[in-house]
Amino acid sequence: MPLAQTLTTVPVVVDNEKCIAEKGCTVCVDVCPLDVLRISDITQKAYMAYDECWYCMPCAVDCPTSAVTVNIPYLLK
Ligand code: SF4
Ligand code: SF4
């Protein structure tokens, strides 16, 4: 059985190596119109708290470190 290709099944994935939320960044959380992104109390990194997404992209575009990947479903491309 192949290894999972992503760490999670939610459409928006944050690279914890790049995310600088622990330094006070909340850009992705602030720009998301659905309010589905959060900063984890445990990891101090951003993550997708709810599996809802409009694929509108500001979270990825505005992230200062390019830590956010939005996996747009094939049928929406
Ligand atoms: S905008 Fe980028 S660096 Fe800032 S909290 Fe979100 S993922 Fe982390
Ligand atoms: S693509 Fe849009 S709706 Fe989805 S998490 Fe990013 S800002 Fe929120």
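Here, residue 1 is the first one in the sequence, and each next residue gets the next number. Just so you know, ligand 1 is whichever comes first in the structure, and atom 1 is the first atom listed for that ligand.
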Atom CD1 in I39, atom SG in C28: separation rounded to 0.5 Å?
5.0 Å
Is the count of non-hydrogen atoms from other residues, nucleotides or ligands lying under 6.0 Å from Q44 atom CD greater than 12?
yes
Counterpart residues, salt bridge (Lys or Arg N to Asp or Glu O under 4.0 Å), relative to E22 (two or more places apart):
K45
Determine, step by step, whether T69 and N71 satisfy the side chain to side chain contact (heavy atoms under 4.5 Å, CB included) criterion, reporting the C-alpha distance in whole Å, the side-chain angles of both residues, the deciding distance to 0.1 Å, and the verdict.
CA-CA 6 Å; T69 300; N71 295 304; 3.7 Å; yes
For the CG atom of N16 and the OH atom of Y47, what is their distance to the nearest 0.5 Å?
12.0 Å
Taking all atoms of both residues into account, what is the closest heavy-atom pair of A46 and V14, and its distance?
O-CB, 3.3 Å
At what distance is the nearest protein heavy atom to atom 2 (Fe) of ligand 2, and which residue and atom is it?
C56 SG, 2.3 Å
Taking the side chain as everything from C-beta on, heavy atoms only, tell me whether C19 gets closer than 4.5 Å to C25.
no
Note, V12 side chain near L37 side chain (heavy atom, < 4.5 Å)
yes
For M57, the atoms of ligand 2 under 4.0 Å from one of its heavy atoms are 1 (S), 2 (Fe)
Within a distance under 4.0 Å of any heavy atom of W54, pick out the atoms of ligand 2 and give their elements.
3 (S), 4 (Fe)
Where do M48 and C53 land on the side chain to side chain contact (heavy atoms under 4.5 Å, CB included) test, with the steps shown first?
CA-CA 9 Å; M48 184 166 232; C53 192; 3.9 Å; yes
Decide yes or no on side chain to side chain contact (heavy atoms under 4.5 Å, CB included) for C59 and V70, but give the supporting numbers first.
CA-CA 8 Å; C59 57; V70 179; 3.7 Å; yes
So the atoms of ligand 2 within less than 4.0 Å of a heavy atom of C32 turn out to be 3 (S), 5 (S), 7 (S), 8 (Fe)
Counting backbone and side chain alike, does C53 bring an N/O/S atom below 2.8 Å of atom 2 (Fe) of ligand 2?
no
Counting only protein N, O or S atoms and ignoring waters, those under 2.8 Å from atom 6 (Fe) of ligand 1 are C28 SG
Any atoms of ligand 2 less than 4.0 Å from a non-hydrogen atom of P33? List them with their elements.
7 (S)
Under 4.0 Å, heavy atoms only, figure out whether ligand 2 is touched by the backbone of E52, its side chain, both or neither.
neither
Which of the ligand 1 atoms, numbered from 1, are nearer than 4.0 Å to a heavy atom of T65:
3 (S)
NZ/NE/NH1/NH2 to OD/OE distance under 4.0 Å, D41 and R38:
no
Heavy-atom gap V31 to ligand 2 smaller than 4.0 Å:
no
Under 4.0 Å from any heavy atom of P58, which atoms of ligand 2 are there?
7 (S)
Intermediate values then yes/no, side chain to side chain contact (heavy atoms under 4.5 Å, CB included), I72 and M57
CA-CA 10 Å; I72 300 173; M57 301 301 284; 4.1 Å; yes
If we number the atoms of ligand 2 from 1 as shown, the ones under 4.0 Å from a heavy atom of V12 are 5 (S)
Go through ligand 1 atom by atom and flag the ones less than 4.0 Å from a non-hydrogen atom of P64.
1 (S)
